[in-house]
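Okay, so here's the structure we're looking at.
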Amino acid sequence: MPIRISVDREALDALDRRAIAAQVGIGIVAGWLASWLVGGSGLLQYVISGLAGSLVGGFLLERFGIDLGIRNQTATRIVTATLGAIIVVLLARLIG
């Protein structure tokens, strides 16, 4: 039984390139902050841990109903992604 993956072309067309660039920038900052706090280096590692961290951090904070109380949306995203990136880096170390 083959697996089928469908892509919503309209949704992809609606993505704003500036929003994607901003998220990658936030991922780099969050990955750098996380690696500064728990160790590590490398731009690719920063991006991967920061982007994965933004997903993990956002999921966990929402799941547990935690409000950071930060009024600036960009700062909230960076802190959320950094917390998630720290978790991602520590889990990667435990597994690897």
(message) Rounded to the nearest 0.5 Å, what separates atom CD1 in Ile86 from atom CG in Leu37?
(response) 4.5 Å
(request) Drop me the distance from Leu55's CG to Leu60's CG, to the nearest 0.5 angstrom. (result) 10.5 Å
Among the clusters formed by ILVMFWY side chains lying less than 4.5 Å apart, do [X] and [Y] turn up in the same one?
{"X": "Val56", "Y": "Ile66", "answer": "yes"}
{"X": "Leu83", "Y": "Ile87", "answer": "yes"}
{"X": "Leu61", "Y": "Phe64", "answer": "yes"}
{"X": "Phe59", "Y": "Leu68", "answer": "yes"}
{"X": "Val88", "Y": "Leu44", "answer": "no"}

(message) Can you give me the closest heavy-atom contact between Ser49 and Val89, atom names plus distance?
(response) CB-CG2, 3.9 Å
(request) Would you list the pairs meeting side chain to side chain donor-acceptor pair (under 3.5 Å) in which at least one residue belongs to residues 77-86, sequence neighbours left out? (result) none
(message) I need the full list of side chain to side chain donor-acceptor pair (under 3.5 Å) pairs touching residues 55-76, with sequence neighbours left out, sorted by first then second residue.
(response)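 Matches after skipping sequence neighbours: none remain.
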Review item, side-chain donor-acceptor pairs of residues 24-36, under 3.5 Å, at least two apart:
residue: Ser35; atom: OG; partner: Gly31; partner atom: O; Å: 3.2
residue: Ser35; atom: OG; partner: Trp32; partner atom: O; Å: 2.9

